[in-house]
J.: 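Dropping the structure in here first, questions after.
Here is how names work: the chains are called A, B, and so on, in the same order as the sequence lines, proteins then strands, and each is numbered from 1.
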Amino acid sequence: MASLPTFSVNYCTLQLQPHSGKHPNCSLLTQKITNISYKRSHTITTHLNGNSVPVKSLDFLQAVKEGTKIETSCYVPLLQECIHRNSLSEVQILHAHIIKTGTHQDPFVMTFLVNVYVKCGTMEEAERVFNNLPRIYVAAWTTLMTGYVQNSQPELAIRVFLDMLETGDYPTHITLGTVLNACTSMKSIKLGNQIHAYIVKYCIEDDTSVGNSLCSLYSNCGSLVSAIKAFRRIREKNVISWTTVICACGENGEAFQGLNFFVQMLSEDIEFNEFTLTSILSMCSTMLSLCVGEQVHSLIIKLGYESNLRIRNSVMYLYLRCGSVYEARKLFDGTQHVSLVTWNSVIAGHAQMIEFAKDDLSAHHSGAEALNIFSILNRSGMKPDLYTFSSVLTVCSKLVALQQGEQVHAQILKTGFLSDVVVGTALVNMYNKCGSIERASKAFVEMSTRTLISWTSMITGFANHGHSQQALHLFEDMLLVGVRPNQITFVGVLSACSNAGMVHEALNYFDMMQKDYKIRPVPDHIVCLIDMFVRLGRLEEALDFIKRIEFKPNEVIWSRLVEGCMRHGNMELGFYAAEQLLKLKPKNPETYLMLLDMYLSTRRWEDVFRVKSLMEEEKISKIQDWSWISIKDKVHSFKPNDRLHSADMYKLLDELLDKAENLGYKSRECLELIDEDDEIKTFSSTVYHSEKLAVAFGMLNTVNAAPILVIKSTTMCRDCHNFIKVISSVTGREIIVRDSTRLHRFVDRQCSCGDDGFGL
DNA sequence: CTAGGGTTAG
């Protein structure tokens with residue numbers, strides 16, 4: 001006999017039971033469930049005391065209390081109604097009744113009860129019932145596994161699977177589908193392949209549910225080709241199969257192919273449902289294709305799905321992600337009974353708009369609107385859930401809105417959502433982004449479970465605050481706990497090394513990333529390393545490094561080298577790097593500013609004109625230099641030299657400038673790209689730069705001990721950086737400025753960036 | 001007991 005596939009999950013290795021030749025399909029028990037259970041219909045009828053009664057109108061609790069005898073066959077539909085109502089308390093009453101009447105001897109009812117507890121999200125109870133089952137059938141194993149998969153403990157699902165095989169029970173096609181789903185959540189293609197081998201061996205690859213699960217496994221592991229293969233092998237494809245393959249295309253960036261599958265469905269008259277439509281919509285959202293999205297929307301109206309709330313929510317989200325606030329708003333206002341998901345979609349949609357907005361000003365506006373919607377939601381009496389909180393915390397972190405973030409934190413504590421990993425991670429990230437590394441690490445330590453994202457967020461937080469050693473210690477801890485780092489984790493690790501100038505360590509980790517974890521370097525990794533060499537003045541090494549990478553260096557990589565060359569006065573290399581940069585036709589106005597500064601200061605007028613004409617060609621507009629500060633629930637914005645704020649503020653700023661000058665600060669001019677006719681004003685004053693205005697405003701409008709948090713759309717200039725350093729000690733205030741490249745935390749004349757992280 | 005609107009790290 002050929003050797004059997006081996007399942008290995010960290011702690012155990014087990015051989016599958018030898019098969020008897022034919023795969024045992026559904027057990028008797030599964031058949032029984034299908035016969036008695038119902039599609040999730042709203043009118044379940046049952047027989048009570050000989051009369052056929054619709055369960056929904058039946059106050060079964062009353063019946064139970066009055067001591068009515070319930071036939072064993074009635075428990076399942078009653079329990080099903082509890083799932084539908086999501087009422088754990090009623091489940092418990094029924095459970096007690098089941099015990100009282102001795103029905104707990106019935107393996108079928110008790111197996112169903114495991115499912116009920118799973119559906120109510122109470123795994124402890126589900127386990128308890130499972131452990132006391134009079135006889136464990138394959139359906140019970142499967143149900144328990146499903147519970148673990150749905151409650152984000154896929155490793156336990158695999159453990160249960162192995163336990164099941166040990167007792168000699170055979171998996172059904174549904175069990176295998178669930179195991180595949182566990183592999184999918186663990187993103188373990190290795191284990192998935194082993195299960196796939198088993199499936200091929202028993203010739204059930206063409207089974208609908210197995211095929212569907214295989215399709216989503218491969219899709220989640222990034223292999224669209226295998227996903228489509230799995231889909232094609234399904235003998236009887238159902239709506240789920242089609243929807244899954246469409247999702248697979250969307251998740252893997254092949255939206256066009258996904259649309260083709262949908263068109264095929266339409267032309268072949270294959271049944272589709274609301275889920276198919278929402279998948280299509282979310283595909284349009286991720287590829288930001290408003291044009292296709294609008295067509296799908298009209299199709300939805302034509303097909304009469306317009307009033308469907310799920311679909312409405314998806315359409316709203318689509319419009320928001322594509323920046324059509326007006327359309328989204330129209331839909332929102334036109335919806336009579338909005339659900340929590342509607343609110344969540346609108347908030348998450350605005351959060352997304354921050355990322356995809358055309359400029360920083362509208363990005364900021366979206367963020368402020370998201371917070372506004374959140375407060376309306378709170379006043380409406382509806383209770384926010386973990387999705388709401390995660391989105392809102394993201395918004396706070398992007399707006400550097402510490403006060404709102406703290407309020408949300410308090411609300412999360414009260415409502416008990418802190419135990420959720422995603423919410424906990426979002427909280428850690430919020431404190432990191434708002435400059436409070438202390439509270440971030442406190443929140444991180446207090447988490448009961450951590451995902452890769454939690455670790456990565458905290459490591460990056462330490463790195464961004466200049467706490468390199470702590471970042472690296474945390475990374476080592478993460479490895480000890482057995483969490484596998486990814487590309488993004490290494491960005492944090494390398495940036496920690498870079499900030500501390502730890503060349504040896506950086507190169508070691510860079511090596512480890514590629515050799516031990518088979519992660520290919522991306523521009524972000526290289527940027528960290530280039531920054532490190534540049535910081536140490538080792539410009540030639542930086543160049544060597546750029547030449548050694550396998551991909552074409554991007555705009556950021558070259559511009560960091562140009563910047564470094566300017567700082568260290570190596571103009572020859574600077575000109576070379578600038579040539580490479582110009583070949584890429586950069587899009588960032590700040591890059592042009594830097595190049596102009598370089599050519600102006602060396603009086604290379606021809607190059608100045610070359611850069612200027614390239615700017616025209618590339619339609620580079622003037623730099624949008626804005627700063628913001630959130631105070632209480634309001635966001636205040638500042639433009640350089642604006643005179644829109646109170647006279648007190650300008651007075652305070654002038655006083656601070658005086659004080660700073662007495663302590664050795666010397667104001668310096670800086671290059672700017674401003675003015676209506678887009679002419680280059682060579683050097684202009686930095687006195688009223690937007691961040692200075694925002695800081696002064698913050699001093700005036702917050703209590704003395706409070707930190708001042710400013711967010712800035714461009715990179716901070718050297719002058720403002722010096723100024724804020726000085727006044728942090730003059731005023732004894734902590735000042736945090738998050739600019740377009742990094743976070744600066746000024747305390748007592750020191751900045752967390754180590755004074756190397758700013759521009760001209 | 002299998003897909004299924006809204007959530008976290010760069």
J.: Examine the side chains of A/Thr335 and A/Arg312 and answer whether a donor and an acceptor come within less than 3.5 Å of each other.
T.: yes

J.: Cut-off 3.5 Å, side chains only: do A/Tyr218 and A/His196 have a donor facing an acceptor?
T.: yes

J.: Which listed nucleotide (B/dG5, B/dA3, B/dG10) is nearest to the side chain of A/Asp524?
T.: B/dG10

J.: Which atom pairs, donor and acceptor, lie under 3.5 Å between side-chain atoms of residues 455-462 of chain A and protein residues at least two apart or in another chain?
T.:
from     : atom 1 : to       : atom 2 : distance (Å)
A/Thr456 : OG1    : A/Leu452 : O      : 2.8
A/Thr456 : OG1    : A/Thr489 : OG1    : 3.1
A/Thr460 : OG1    : A/Thr456 : O      : 2.7

J.: In residues 391-399 of chain A, what residues come within less than 4.0 Å of DNA chain B, judged by heavy atoms?
T.: A/Ser391, A/Thr394

J.: Just jot down the side chain to side chain contact (heavy atoms under 4.5 Å, CB included) partners of A/Met287, sequence neighbours excluded, or say none.
T.: A/Ala255, A/Ser289

J.: Among B/dA9, B/dT7, B/dG5, find the nucleotide with the atom closest to the side chain of A/Leu452.
T.: B/dA9

J.: Where the side chain of A/Gln487 is concerned, which of B/dG10, B/dA9, B/dC1 is the nearest nucleotide?
T.: B/dG10

J.: Consider the side chain of A/Asp385, meaning its heavy atoms from C-beta on, and name the nucleotide among B/dG6, B/dG5, B/dT7 that approaches it most closely.
T.: B/dG6

J.: Please tell me which of the listed nucleotides, B/dG6, B/dG5, B/dA9, lies nearest to the side chain of A/Asn313?
T.: B/dG5

J.: For A/Asn273, report the nucleic acid contact type (base, sugar-phosphate, nothing); a contact means any heavy atom under 4.0 Å.
T.: base

J.: Out of B/dG10, B/dA3, B/dT8, which has the shortest distance to the side chain of A/Phe275?
T.: B/dA3

J.: The side chain of A/Thr146 lies closest to which of these nucleotides: B/dT7, B/dT2, B/dG5?
T.: B/dT2

J.: Using a strict 4.0 Å threshold on nitrogen-to-oxygen distance, state whether A/Arg233 and A/Asp206 make a salt bridge.
T.: no

J.: Measure the distance between the ring centre of A/Tyr387 and the centre of the six-membered base ring of B/dG6, then answer whether it is under 5.5 Å with planes under 30°.
T.: yes

J.: Where the side chain of A/Ile240 is defined as all heavy atoms beyond and including C-beta, which of B/dA3, B/dC1, B/dG10 is the nearest nucleotide?
T.: B/dA3

J.: Check the side chains of A/Thr175 and A/Thr142 for a donor-acceptor pair under 3.5 angstrom, ignoring hydrogens and angles.
T.: yes

J.: Reckon A/Glu355 touches a base, only the sugar-phosphate, or nothing at all at heavy-atom distances under 4.0 Å?
T.: nothing

J.: Under 4.0 angstrom, heavy atoms only, what part of the nucleic acid is A/Ser314 near: base, sugar-phosphate, or nothing?
T.: sugar-phosphate

J.: Any base atoms under 4.0 Å from A/Lys237, or only sugar-phosphate, or nothing? Heavy atoms, all strands.
T.: nothing

